[in-house]
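Model, not experiment: these values are computed from the prediction. So that the names make sense, note that chain A is the first sequence line, chain B the second, and so on, each numbered from 1.
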Amino acid sequence: MFHPVSSKPDFVAQEHDVLDLWARTDAFRTLWAMNKGNKRWSFVDGPITANGPMGVHHAWGRTYKDLYQRFYAMQGFDERYQNGFDCQGLWVEVLVEKEKGFTSKRDIERMGLADFVNTCKQRVLNFAAIQTEQSIRLGYWMDWNDPAQLRWLRDKLEEDPSQVITVEGPQGPVTDSVEQIVGRLGLPELGGSYFTFSNENNYLIWRFLKKCWEKGWLYEGTDVMPWCDRCGTGISQHEIVTDGYEELTHTSVYLRFPLLDEAGQQRLDAETGLPEALLVWTTTPWTLTSNVAAAVGPELDYIKVQQDGWVYYLAKGAAKRALAGRYTLLAELKGAELLGWAYAGPFDELPTVQAVFQKAGYSHTVIAWKEVGEEEGAGIVHIAPGCGAEDFQLSKQYGLPVIAPLDEAGIYLEGFAWLTGQNVHDVAASIFGSLQDKALLYRLEEYTHRYPVCWRCKTELIFRLVDEWFISMGEVYDKPREELTAEEVDRSLRYQIMEVVDQIRWIPSFGRERELDWLRNMHDWMISKKRYWGLALPIWVCEDPACRHFHLVGSEHELKELAVEGWERFEGHTPHRPYVDAVKIACPQCGGRASRIADVGNPWLDAGIVTFSTLSYRNDRSYWEKWFPADLISESFPGQFRNWFYSVLAMGTVLERRPPFLTNFSYATLLGEDGRAMHKSWGNMLDFHDGAERIGVDVMRWMFLHHKPEQNLLFGFHRADETRRRFHIPLWNVYSFFVTYANLAPAWSVERATWSAPPHSADPDVQSSDHFLDRWIVARMQQLIELVTQRLTDYDSESATVACEAFLDDLSNWYVRRNRRRFWEGDPAALDTLYYVLVTFARLLAPMMPFVSETIYQNLVVEGLEGLSVPGRTDSPDGAPVSVHHTGWPTADRSLIDEQLLADMDLARAVVSLGHADRVAAEIKVRQPLADIQVVAAGKAQSLARFADVIADELNVKRVELAGGEAELVQYRILPVNKTLGPRFGKEFPAVRQALSAADPYAVAAAVAAGQPVALTVNGQPVALGPEDLLVQAEPRPGLQVTNDPQRGIVVALNTVITPALKAEGLAREVVRTIQQMRKDAGFEVSDRIHTTYQTEDAGLAEAIELHAAAIRQETLSLSLDAAGPAAGAYVATVDLDGAGVTMAVRRAGG
RNA sequence: GGGCCUGUAGCUCAGACGGUUAGAGCACUGUGCUGAUAACGCAGGGGUCAGUGGUUCGAGUCCACUCAGGCCCA
């Protein structure tokens, strides 16, 4: 006996039961052990940032990851199942600062770096624990750490990181300090998820960087970079491009740069005698203190105008926008004519400006820059090389002095008079005031533009001159890649990575082009950050100002060897600040003392190294060789082509010059149901926990997998409901139907059934069924197995789910519906078949929908397990695996795919569909039996005869007849099969069409039906067309009660005559249906026997009931059916059946 | 300015290889069926397949250009 199945399942509650079952039976580790040592399938996880709880968008990616790992596991592959957490970097720092109420780096230094770093580690462990729990809830099978242990380690870190503890690892107990245990998480001796803060991860990046250095690609550069003064760090190109811009409004300023004559006095216009000035515009007034030049476009047209006592120079195309009020045009000139003019700067009085200019022997000059346009401002660009990246490039080109006004916190340095000590974000008003006082201000204007902000804290970025460390990408050669020489590629990391990209399969395929495009365009990789929590860049610089040599340390062993002081302070700590900073080494160049630069590394270094660090690259090369490269990596594409995908590629290229993964599967962005990005304030945000508990993760997973990954996914409750209604509930209903009737069937029990093989297989021990519906659904099952296997192998879950939904429709709305009577009667062959199909379907669905499939499998196959709300049977077949996920992937038996049967069934369903349409047109309900239908289907008599019973039953007609006298019923239209005839005749094809339309359609149809060729004359030439070249469409003759399916050439005519006998039979069916409904309403069991009475004034109805009394009793399990008043305690109903009133009563027998 | 993607019914989306009269789900309307079905069947309204040009016997599908939207890079 199967446990009874509710027809109103609570999927979410079931999921919790299944999670409980998996935990109690250790289902995941059992599966892992089953496949140990088999052929391998390697997946390397892209680390999730352990800095908050998961969102539903994380569940999308994790569903793919779980699907493919499960799919390969069911095929017997050995896997690693290692999840990853991204741990280091500014994102964690910023939230720890927020938690602590810190506002600047000074707060961190007051706290102490050791404490701060320790707090960052605790935060990571905390969210790693939460994300682990959430992933488990999703059904994501991985080698998870015990969340409780992660929290315990977090607490121990807080207590005292140096205390010694012992934890149980896969190879036995491990004893070490808490700090070191945490630093060894994910390594073989501890197992579980990898953490990018691990020692191994950090030291392996050291090796990578050293290799870059040895190739000459690592350098320190001085450049003007976007800078966040709150975070006190530069922001790299990688970080600024996506989240890095916001639409902001600033007060921009138009101002005068008064021109100077050779004596350094105000220049006066020769004609008017008025003072002359350049009109200049800027949106960043704070940079005016650092102005050194004004740039014009040499080819651009400029004008000289008079207005309010001044003569201005500005770009011609900018005049309308820039100038306010009336003015007089004095002259036009080319930008080139302005070059070399001297002018007075806006803040020449500042001590630093004076000192810098004096030292450089420089004064403000007009220079040429071809980038200057007239679309913005006044067409004359203020150049401040200390405050802008392009300005800085120009300063190098022209030898201009550089004035850098700000410290790392955005505070004006000494030498800026009244500005000194002020924050850059607070000075706009006083700068405008100063300009006003000096009569330099022309006018102010509110200006809205996209402006870069810090991607983590949203502070507006400034541009600062800084020293940062870079990995050179190599020059961009001005010729096609295929023309590059080997030497040129050897010099350039950029092109080496491109070669690696070529060897990878990108899904979707445009991913390759995206990655190459990024590589073509990217600048040198800035890897340093002036922060605290992160990779300690292993760059030691000689303190001797005369030497300044820098050395890359490639491992902890090398560091120990080179250390001259501070090793004892560092020993026993993870390679993080501040302890690693204590170690000084001897400068290999001059023997002096070298110390580590204070910077930490870009976090994409941390994530990029994982195809090496997680695979024991340093310590067990043969293990690494087994699992490298990964067969698959997967992340969502926003950002990753320049971030994770890029950094993984860079590491694989530098360390091995090999692809670190073979397939890249990426997917788009998850949006709210309204098509907008999810935002808390917009009310369309959905966190993972709410989604899981309200929608259920199997439904969520199906939504994800049913979607084309390269398109954005609109996600919400309505779509979830739609998905559940479309797939999960119908599936459940078929399952519930099966269990109901299997339990009632006297002649069937599970002992005789086989869950793992089709019931009519060649195995003589297995009960076989020749019923065509059974053979049909089994054939469909084999097709589905083949298709799903093929689609999933191709990483195409969308097609796989589409195929599953189509199959479910066939199963539910055709196989079960057409077989209801067989199930009511307990036909063993039907039960065998549905049993096999349901279990096999559950196995196919298992990697995609692990919970519902498990629930079904547990009840249908496995021994009952205590505590599961849907406990299993107690008569389980021997040897059934304890979980559906252990059953292995089903394989298709192609010999069971009977193509003719499938085609014939297709025809039968088409005929039924037309018959239903006839009934609608004739307004005769299906419950009313009719005598016959006539079917015209040229050449398909045999197929039709085969399923005549099914068609008759479905349409409630007595007979299905092949129509004679087709000519009276239908007219034919003959069409050429373009696919075969088009290529055969080419340009002559239109003539063939014409000849065909001129032929006698009845003759052609007859020939085709008989399988004879058709002879035509085309352009005077005889042409023979085979039956396969022609398509016969049958259309109903106008005026008949018929419908047709032109695609298939079928016409169906319904006999609409209702004889008195048919009328009586129809009424009897109405009575049956009424009693069935009453049984249901009265709450009787399906198998309850009843006594039925009826009273009616209508003679016709009474007669019909008497005539069909036996059939009514049988259908409704009525022991008696009497014309009488309701018995005491009976359930009574009065209804109207086709205009005849009747009062009926039912009561349970023997009760 | 350059690269990539998308544009098909009111909404969300399918439409390998070019091939007959372009489909599904949701929503709406009508109708029917039901002792598995919070379902389902049948029918209906709704489409210049973004536009223009080209290749071809034949284009939603291939090519070019244009327009609109998105992502990425300057």
Side-chain angles (χ1 to χ4, degrees), chain A residues 5 7-9 237 241-242 371 508-518 520-523 637-639 641-642 668-669 671 673 675 706-708 710-714 718-719 721-726 729-741 798-799 802 805-806 809 812-814 816-817 819-820 823-824 912-921 923-928 954 956 973-993 1030-1031 1033 1043 1046-1047 1069 1072-1073 1075-1081 1084-1088 1115-1117:
Chain A
V5 172
S7 59
K8 296 173 169 50
Q237 182 198 9
V241 280
T242 31
E371 298 297 319
S509 54
F510 60 75
R512 176 195 311 271
E513 209 33 63
R514 287 236 175 135
E515 193 62 55
L516 290 174
D517 190 53
W518 165 252
R520 273 190 295 271
N521 289 308
M522 87 168 280
H523 307 162
F637 42 66
F641 288 98
R642 64 171 191 279
T669 305
L671 303 172
E673 208 155 24
H706 190 60
H707 185 78
K708 278 205 182 341
E710 69 271 23
Q711 296 187 4
N712 291 342
L713 170 58
L714 276 52
H718 292 103
R719 280 158 188 271
D721 290 342
E722 193 180 317
T723 302
R724 191 186 302 104
R725 229 171 37 229
R726 194 177 64 234
I729 289 176
L731 172 65
W732 189 263
N733 287 329
V734 173
Y735 159 63
S736 147
F737 171 86
F738 169 78
V739 167
T740 303
Y741 289 99
E798 194 260 344
S799 301
V802 167
E805 292 190 359
D809 186 62
S812 170
N813 288 324
W814 192 246
V816 170
R817 193 151 66 96
N819 277 315
R820 270 177 298 196
F823 289 105
W824 296 342
V912 163
S913 178
L914 294 178
H916 279 138
D918 279 341
R919 277 186 172 272
V920 168
E923 298 186 314
I924 301 173
K925 52 178 100 171
V926 177
R927 218 179 295 130
Q928 175 60 57
E954 177 69 19
N956 197 17
R973 200 149 68 106
I974 310 299
L975 291 173
V977 174
N978 296 332
K979 213 167 181 170
T980 59
L981 296 179
R984 181 169 149 200
F985 290 102
K987 281 192 197 303
E988 292 193 1
F989 191 37
V992 175
R993 299 182 91 118
L1030 295 169
L1031 196 70
Q1033 293 192 346
T1043 54
Q1047 305 284 334
R1069 273 193 70 165
V1072 168
R1073 195 187 71 84
I1075 297 172
Q1076 301 290 34
Q1077 188 60 45
M1078 290 172 66
R1079 288 179 57 110
K1080 215 173 182 178
D1081 295 342
F1084 297 167
E1085 293 300 317
V1086 173
S1087 54
D1088 284 341
E1115 289 290 305
T1116 60
L1117 302 182

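Counting only distance, with no hydrogens or angles, the side chain of A:Arg817 and the backbone of A:Trp814 share no donor-acceptor pair below 3.5 Å.
A donor-acceptor contact under 3.5 angstrom links the side-chain atoms of A:Arg1079 to the base of B:G35. The base of B:A36 is paired with the side chain of A:Ser812 by a donor and an acceptor separated by under 3.5 Å.
Taking the six-membered ring for Trp and thresholds of 30 and 60 degrees, A:Tyr735 and A:Trp732 have ring planes more than 60 degrees apart, a perpendicular arrangement.
Rounded to whole Å, atom C1' of B:C13 lies 10 Å from atom CD of A:Glu722. Separating the CH2 atom of A:Trp814 from the P atom of B:C33 is a distance of 17 Å, rounded to the nearest angstrom.
Listed pair A:His707 / B:U12 fails the phosphate criterion, with no side-chain N or O lying under 4.0 Å from OP1 or OP2. Remark: A:Lys708 is in phosphate contact with B:G15, judged by side-chain N or O atoms under 4.0 Å from OP1 or OP2. Not one side-chain nitrogen or oxygen of A:Arg820 sits closer than 4.0 Å to the OP1 or OP2 atom of B:G35. In this model, the phosphate group of B:A36 is approached by a side-chain N or O of A:Trp824 to a distance below 4.0 Å at OP1 or OP2. Of the side-chain N and O atoms in A:Gln711, one or more sit less than 4.0 angstrom from OP1 or OP2 of B:A14. Between A:Arg817 and B:G41 there is no side-chain N or O to OP1 or OP2 distance below 4.0 Å.
In summary, A:Arg520 and A:Asp517 engage in a salt bridge, as defined by a charged side-chain N under 4.0 Å from a carboxylate O.
Closest to the side chain of A:Asp517, out of B:G25, B:C4, B:G2, is B:G2.
The line from OG1 of A:Thr980 to CZ of A:Phe985 is 9.0 Å long, rounded to the nearest 0.5 Å.
Here B:G1 sits opposite B:C73 as a Watson-Crick or G-U wobble pair (both hydrogen-bonding atom distances under 3.5 Å). Across all strands shown, B:U21 has no partner, as no Watson-Crick or G-U wobble contact with both distances under 3.5 Å is found. Pairing of B:C33, defined by two Watson-Crick or G-U wobble distances under 3.5 Å, is not identified with any nucleotide. Both distances falling under 3.5 Å, in either a Watson-Crick or a G-U wobble arrangement, place B:C26 opposite B:G10. Partner assigned to B:A39 is none, using Watson-Crick or G-U wobble distances below 3.5 angstrom. In this structure, B:C62 forms a base pair with B:G54, meeting either the Watson-Crick or the G-U wobble geometry with both donor-acceptor distances under 3.5 Å.
Side-chain contact between A:Glu515 and A:Arg642 is absent, with no heavy atoms from C-beta onward closer than 4.5 Å.
Within the nucleic acid shown, A:Pro730 has no heavy atom closer than 4.0 Å to any nucleic acid atom.
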